[in-house]
Amino acid sequence: MTYSIEKITTLIGAHRYGENESDVAFILTDSRSLCFPEETLFFALQSDRNDGHKYIPELYRRGVRNFVVAHVPADWAERYPEADFLEVADTLTALQRLAERHRDEFDIPVVGITGSNGKTMVKEWLYQLLSPERFVTRSPRSYNSQIGVPLSVWLMDAHTQVGIFEAGISKPGEMEALRKMIRPTIAVLTNLGAAHQENFGSMEDKCREKLVLFRDARTVVYNADDALVSRVVREANLPGEPIAWSRQDANAAFYVSNVEKRAAMSVVSYIYKGVAGSYSLPFIDEASLTNSIICAAVALQLGLDRETLHRRMGELEPVAMRLEVKEGQHGCTLINDSYNSDINSLDIALDFMNRRPDHQGRRRTLILSDIYQSGEAPEALYKEVSDLALKRGVEKFIGIGPQLCAQAKEIQVSEKFFFHTVEQFIHSEVFRSLHDEVILLKGARKFGFDQLTELLVNKVHETILEVNLNNMVKNLNHYRSFLKPTTKLVCMIKADAYGAGSVEIAKTLQDHRVDYLAVAVADEGVTLRRNGITANIMIMNPEMTAFKTMFDYDLEPEVYSFRLLEALIKAAEKEGITDYPVHVKLDTGMHRLGFDPVADMEQLIDRLKHQNAIIPRSVFSHFVGSDSDGFDDFSARQFALFEAGSSRLQAAFDHKILRHMDNSAGIEHFPERQMDMCRLGLGLYGVDPCTNAILHNVSTLKTTILQLRRVPAGDTVGYSRKGRIEHDSVIAAIPIGYADGLNRRLGNRRCYCLVNGQKAPYVGNICMDVAMIDVTGIDCREGDSVEIFGDHLPVTVLSDVLETIPYEVLTGVSTRVKRVYFQD
């Protein structure tokens, strides 16, 4: 659904500056998440730590034209002539008001879920139960805050048949705003726990605040076995129909008459409004049982029949980001539950670990961070933690955070260690000694628990790759000179930025405001994100095992087949994700990867239209021979196919889908075909793909002379005596070999390097770590520099000898070769 900027001005009661008519389909509060600038409305939210107004210049440069602000820039007409500024007293209030008005458009069942734990699991399982027949819009991940809820409600559109939204609060007075936006027809209280208790006078006060969500709901679902909750619900005199569930009271609307736990499943028997039923659940932990009961009550109230409920309950999948099990290094199994950190969820996670069968007899280890917002005194809190850990079979305890360090005496686990930070732990012997253990990772996100799976090791090597960032920028600007001001640019930094080192290259490209970065696989994108890269990142070869990684790090995958498409949709739905941007690849003649632009388009469009997990951000294809005039006729046929297929895709959607086909060669060779975006690859690193000439050299591979040796005529050098010496010679050994990326086929005098500007041919076979060169007649000494390729010896010399392309030489430089970056 879209709104005109004029209508939004009225809906939020803003004063409008600007007269540029446009439609808004996307709301943005975090500038790093920008994806569809042409149809985005940015709310410049203000907080104690940040002010969204400072991101307006960058967002305007990236194409955003609509802004909700608390104060309009004084020079707005001159600096932002194409923008509309909607001035309001408070931007967060305006965001929430827009969500309220958007909610007014829908007369459908809406489920609002609140509680101390289980909100996300109930939401996701309800989605799994209901979505096969109904179009369900739900909160992405845990978007349950004052900002997350309006962003979630905004996702409802004309297709939505059921809405499911979480509502999370941390202090009194917050629920009223969430209630106005969600306005649930069915309100659910999962449970009442200790989270955020420090902000409430009592558990009863917190319960009353949560029940604000229930005020106008037609149905209220809650646990009748919780005496406090039942009493407060009665006292609230709520108008909605009560659907109380109970495992004790046979008169409850949803009575659980029996639970039978088997080896890997539970069978739940129930009576709902006087009619008996049952279902099997593929989980045995108490949290899953409780959440399934809530889901069953809500699903039946929404009209799901008992037979379908029974079948789908047995097919429920674990909720992503909760209790994920992964194989670790050194014989360890990791259980990752760093989703939240409170005493209730800790007990759930420990119960899961304790119940998890382990036939290898490995120790159970808990790695825990400080727990915040518990409302308990630290001594009592960590004594409770200790009791839980002992009860659940923890044999080794690793505490991280100043509170745990201070309360170390309260932890009674026999083997225990404490660290103030994750970094301190990573660099300890305790971290290095982890082996053959089942490890539960349970920590607040602020501690950086994602680092615990890595051990960073500095590599030292006398061979270095010098990277000239200034020259890279010159190459960037060279290709930009061929582009229209409106044409976007994707810069390829896959394969570690063609060997140059992706992090520093990405930082420079981000500083110079490229629109997209592209890498091959998700791990490359993760490296960039962990090093502060916030630009849009495209994944060109997404692996199906890496979908969650892509979601976690906002990495946008290429989609090239129906198998990949279906797997990606399923993974996104499992994660609770909607409108995740993807890039559709069409095969116009390369016959490598891609959808057929003719035969596949109808099916592709139909599948994309009948789901809301992903959304096409761009559509693209590859020229087979844009670097050669001899392929021009074929290139023209390719472009015609792409134009037809991509036009059909665009016509099926209201939002702008970027189209791109030109690569480095195409930017120069086919400037008329640059469309919405171009992809810059080899040219960025200084090699003209059309002429094989060097533009501005970026990468120089250097090493040093380790040893000089006089070798008499008739002797040989190296393995297999391949390097026969015809005359008395001086042979230098250099610390670079095929393990560093120096191809063995360059040996035996097929190619050369430069020593003090003079050619020194490789003698004999190139070894794994060392090569020998003939420096006879060259004035040199041990320690002198040797250029393998670079400013004076073009990389194309090596690629021509190898009868390959410069890509192979550049990307072949090993990661053990240290990268050194410099600017002139």
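Without hydrogens or angle criteria, R744 side chain to Y738 main chain gives no donor-acceptor distance under 3.5 Å. Without hydrogens or angle criteria, S647 side chain to A644 main chain gives no donor-acceptor distance under 3.5 Å. Side-chain atoms of N743 do not come within 3.5 Å of backbone N or O of L746 as any donor-acceptor pair. Checking side-chain atoms of D600 against main-chain N and O of L604 turns up no donor-acceptor pair under 3.5 Å. With hydrogens and angles disregarded, no donor-acceptor distance shorter than 3.5 Å links the side chain of E787 to the backbone of L701. With hydrogens and angles disregarded, no donor-acceptor distance shorter than 3.5 Å links the side chain of E543 to the backbone of T545.
Enclosure of atom CG in D654 is not indicated, since only 12 or fewer non-hydrogen atoms of other residues, nucleotides or ligands lie within 6.0 angstrom. The number of heavy-atom neighbours closer than 6.0 Å to NZ of K507, taken from other residues, nucleotides and ligands shown, is above 12. Atom CZ of F482 has more than 12 heavy atoms from other residues, nucleotides or ligands within 6.0 Å. More than 12 heavy atoms of other shown residues, nucleotides or ligands fall within 6.0 angstrom of atom CZ in F562. Within 6.0 Å of atom CD in E803, 12 or fewer heavy atoms from other residues, nucleotides or ligands are found, so the atom counts as exposed in its surroundings. In M544, the CE atom is crowded: over 12 heavy atoms of neighbouring residues, nucleotides or ligands sit closer than 6.0 Å. The environment of R513 atom CZ is sparse: at most 12 non-hydrogen atoms of other residues, nucleotides or ligands sit within 6.0 angstrom. Applying the 6.0 Å contact sphere to CZ of R563 captures no more than 12 heavy atoms from other residues, nucleotides or ligands.
By the side-chain contact (heavy atoms from CB on, under 4.5 Å) test, H622 pairs with K585, M590, R592, F620, R679, sequence neighbours left out.
The two residues L555 and Y580 have their closest heavy-atom pair at O-OH, 2.7 Å.
Counting only heavy atoms from C-beta outward, the side chains of L658 and E38 approach each other to under 4.5 Å. By the 4.5 Å heavy-atom criterion applied to side chains, M472 and N697 are not counted as neighbours.
Within the structure, side chain to side chain donor-acceptor pair (under 3.5 Å) contacts touching residues 753-764 (residues at least two apart or in different chains) are N756-D784.
Using a 4.0 Å cut-off between charged side-chain N and carboxylate O, K484 and D676 make no salt bridge. Using a 4.0 Å cut-off between a side-chain N of Lys or Arg and a carboxylate O of Asp or Glu, R637 and D633 do not qualify as a salt bridge.
One finds the CG atom of L509 at 4.5 Å from the SG atom of C491 (value rounded to the nearest 0.5 Å). Distance check, rounded to the nearest 0.5 Å: CG of L517 to CD1 of I493 gives 4.5 Å.
Ring pair F36/H655 is perpendicular by interplanar angle, where above 60° counts as perpendicular and below 30° as parallel.
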